[in-house]
J.: 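Once you've had a glance at the structure underneath, I'll fire off some questions.
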Amino acid sequence: MAVALASQLREGTKKSHTMAENTGFVSCFLKGVVDKASYRTLVADLFFVYSAMEEEIGKLRAAGHPVVGPVGFPELNRRETLEQDLAFYFGDNWRNSVKATPAAQEYVTRIHHIAQEEPELLVGHHYTRYIGDLSGGQILKNIAQKAMNLGEHDGLRFYEFEAIPDEKGFKTYYRTTLDNLPIDQTVADRIVEEANHAFHLNMKMFQELEGNLIAAIGKVLFGFLTRRQRTGSTEAVVA
């Protein structure tokens, strides 16, 4: 029997979402302070994470997995846009210039592990990353563009979902899809738990970047920008 997974994910990850917003890197980012060297490292990390997710979800979708398959919307895929961004930041030879940081490698390992052991848990990772990107993408794109003085698309393709012209309509359909997945409450609980773990893995990636950010802007400014905890301003826009 289907369960109301969409609302359970939204409510069940609010605390983790707020904690992620309050990491030093994200807190500075949301206030318009973005160090290009730190940011391009994040783009590289996200490339490895999304490559792993899209590889595993693509295989499960092709195999007709009843839980993972329905949420594997190809129009959400980010790998190609991240490749374009990496070419902008590192040059055409970017594949020889980037490697996953330890936190990103831990994230990738987790994705491959659950794909083999409990593939339905990939839904928690899918929700955490893709719907968060879709919901806050334009806001974050504008912040990054202004902070790093970039052109309209330069190094910002990650935030552009050209295959989804109606974001609001798509998110409504996505929520309906989640609610219609053939799972019971036990599996729903595990998916929410895994979504919270996905937030934790993202936080570890953000925390790795703080050293470079502090070196770029100084401890005093970093401390000033991060001394107040946010209340979770983006929770309301996540599906």
J.: For T172 and R175, test the side chains for any donor-to-acceptor distance below 3.5 angstrom and give the result as yes or no.
T.: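 A donor-acceptor contact under 3.5 Å links the two side chains.
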J.: Any side-chain heavy-atom pair from R129 and L46 closer than 4.5 angstrom?
T.: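 Yes; the side chains approach each other to less than 4.5 Å.
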J.: Side chains of P74 and R61: does their closest heavy-atom pair fall under 4.5 Å?
T.: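 Yes. Closest side-chain heavy atoms under 4.5 Å.
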J.: What heavy-atom pair brings H65 and P70 nearest, and what distance separates the two atoms?
T.: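 Taking every non-hydrogen atom into account, O-CD, 3.5 Å.
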J.: Would you call R79 and E83 a salt bridge, using N to O less than 4.0 angstrom?
T.: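 Yes, this pair counts.
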J.: Can you name the closest pair of heavy atoms from G155 and D85 and give their distance?
T.: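 The pair with the smallest heavy-atom distance is C-OD1, 3.1 Å.
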J.: Show, in sequence, the C-alpha distance, side-chain angles and deciding distance for M203 and V26, and conclude whether the side chain to side chain contact (heavy atoms under 4.5 Å, CB included) test is met.
T.: CA-CA 9 Å; M203 287 170 62; V26 177; over 6 Å; no
J.: Atom CE of M53 and atom CD1 of I111: how far apart are they, to the nearest 0.5 Å?
T.: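 Output value for this atom pair is 5.0 Å.
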J.: Does E160 reach the side chain of T81, with side-chain heavy atoms less than 4.5 Å apart?
T.: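 A side-chain contact under 4.5 Å is absent here.
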J.: Above 12 or not: heavy atoms from other molecules or residues under 6.0 Å from CE of M148?
T.: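 Yes.
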J.: Without swapping roles, check the side chain of E54 against the backbone of R78 for a donor-acceptor pair under 3.5 Å.
T.: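 Indeed, once roles are kept as given, a pair shorter than 3.5 Å links the two residues.
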J.: So for atom CD, which belongs to E75, do other residues, nucleotides or ligands contribute more than 12 heavy atoms lying within a distance under 6.0 Å?
T.: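 Count over threshold, so yes.
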J.: Start with the C-alpha gap between T101 and D45, add the side-chain angles, then the distance that decides, and say whether side chain to side chain donor-acceptor pair (under 3.5 Å) holds.
T.: CA-CA 7 Å; T101 64; D45 278 350; 2.9 Å; yes
J.: What do the steps show when you test S16 against H200 for side chain to side chain contact (heavy atoms under 4.5 Å, CB included), and what is the final call?
T.: CA-CA 7 Å; S16 294; H200 176 70; over 6 Å; no
J.: Would you compute the distance between atom CG of L86 and atom CG of N93 and round it to the nearest 0.5 angstrom?
T.: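 Those atoms lie 12.0 Å apart.
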J.: Assess the side chains of Y159 and N142: does a donor N or O sit below 3.5 Å from an acceptor N or O?
T.: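 Absent: no donor and acceptor within the cut-off.
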J.: Does K59 come within less than 4.0 Å of E55, counting only side-chain N to carboxylate O?
T.: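 Judged by the 4.0 Å cut-off on N to carboxylate O distance, K59 and E55 do form a salt bridge.
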J.: Please check if the side chain of N22 supplies one atom and the backbone of T18 the other of a donor-acceptor pair under 3.5 Å.
T.: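 Yes, the answer is positive, given that a donor and an acceptor are paired below the 3.5 Å cut-off.
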J.: Of all heavy-atom pairs between V123 and V68, which one has the smallest distance, and what is that distance?
T.: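 Taking every non-hydrogen atom into account, CG2-CA, 4.4 Å.
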J.: If you compare all heavy atoms of L82 against all heavy atoms of Y50, which two are closest, and at what distance to 0.1 Å?
T.: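 Heavy-atom minimum between the residues: CD1-CD1, 3.7 Å.
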J.: Checking E210 side chain against G24 main chain: does a donor-acceptor pair fall under 3.5 Å?
T.: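 Such a contact is found between E210 side chain and G24 backbone.
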J.: Between F73 and Y130, does a ring-ring contact (aromatic ring centres under 6.0 Å, His included) hold up when you go through it step by step?
T.: CA-CA 10 Å; F73 298 102; Y130 290 100; 10.0 Å; no
J.: Do L201 and R110 have side chains that get closer than 4.5 Å, going by heavy atoms?
T.: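 Sidechains of R110 and L201: in contact.
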J.: State whether a side-chain donor-acceptor pair under 3.5 Å links Q8 with Q185.
T.: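 Side chains of Q8 and Q185: pair found under 3.5 Å.
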J.: Are a donor atom and an acceptor atom from the side chains of T23 and Q207 found within less than 3.5 Å of each other?
T.: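 Checked: T23/Q207 side chains show no N/O donor-acceptor pair below 3.5 Å.
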J.: With side chain to side chain contact (heavy atoms under 4.5 Å, CB included) as the criterion, how do K168 and D166 come out once you've worked through the C-alpha distance, each side chain's angles and the decisive distance to 0.1 Å?
T.: CA-CA 6 Å; K168 184 177 180 180; D166 180 6; 3.9 Å; yes
J.: Which distance, rounded to the nearest 0.5 Å, do you find between the CG of L134 and the CG of L76?
T.: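 Taking CG in L134 and CG in L76, the distance rounds to 6.5 Å.
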J.: Can you check whether L9 reaches L5 side chain to side chain, under 4.5 Å on heavy atoms?
T.: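 Sidechains of L5 and L9: in contact.
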J.: Before you tell me yes or no, could you show the steps for R157 and E162 under salt bridge (charged side-chain N to carboxylate O under 4.0 Å, His left out), namely the whole-Å CA-CA distance, both residues' side-chain angles and the distance that decides it to 0.1 Å?
T.: CA-CA 9 Å; R157 296 286 184 181; E162 294 183 352; 3.7 Å; yes
J.: The test is ring-ring contact (aromatic ring centres under 6.0 Å, His included); show your working for H126 and Y174 and say whether it passes.
T.: CA-CA 11 Å; H126 192 277; Y174 185 91; 5.7 Å; yes
J.: Please report the interatomic distance CD(E152) to CD(Q145), rounded to the nearest 0.5 Å.
T.: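 Going from the CD atom of E152 to the CD atom of Q145 covers 6.5 Å.
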J.: Taking all heavy atoms of G12 and all of V192, pick out the closest pair and write down the distance.
T.: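 Distance-wise, the nearest heavy atoms are CA-CG1, 4.0 Å.
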J.: Counting C-beta onward and ignoring hydrogens, is there a side-chain heavy-atom pair between V71 and L181 closer than 4.5 Å?
T.: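 In contact.
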J.: So how far is it from T186 OG1 to I191 CD1, rounded to the nearest 0.5 Å?
T.: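 Separation between the atoms: 11.0 Å.
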J.: Any idea which heavy atoms bring A188 and V3 closest together, and the distance?
T.: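 Closest heavy-atom pair between A188 and V3: CB-CG2, 3.6 Å.
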J.: Going by ring-ring contact (aromatic ring centres under 6.0 Å, His included), Y39 matches just one of F88, Y89, F206, F158. Which one?
T.: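 With Y39 as partner, ring-ring contact (aromatic ring centres under 6.0 Å, His included) holds for just one option, Y89.
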J.: Take M19 and F199 through the side chain to side chain contact (heavy atoms under 4.5 Å, CB included) test and state the conclusion after the steps.
T.: CA-CA 9 Å; M19 289 174 64; F199 270 109; over 6 Å; no
J.: Is it true that T13 and N196 share a donor-acceptor pair across their side chains at a distance under 3.5 Å?
T.: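 Per modelled atom types, N196 and T13 side chains form no pair under 3.5 Å.
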J.: Closer than 3.5 angstrom, by distance alone: can the side chain of T41 be matched with the main-chain N or O of A37 as a donor-acceptor pair?
T.: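 Pair found, side chain donor or acceptor close to backbone of A37.
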J.: Within the 3.5 Å criterion, strictly below it, is a donor on Y107 or H197 matched to an acceptor on the partner's side chain?
T.: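 Judged by distance alone, the side chains do not pair up.
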J.: If I take atom NE2 from residue H112 and atom CG from residue L122, how far apart are they, to the nearest 0.5 angstrom?
T.: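 Between atom NE2 of H112 and atom CG of L122 there are 10.5 Å.
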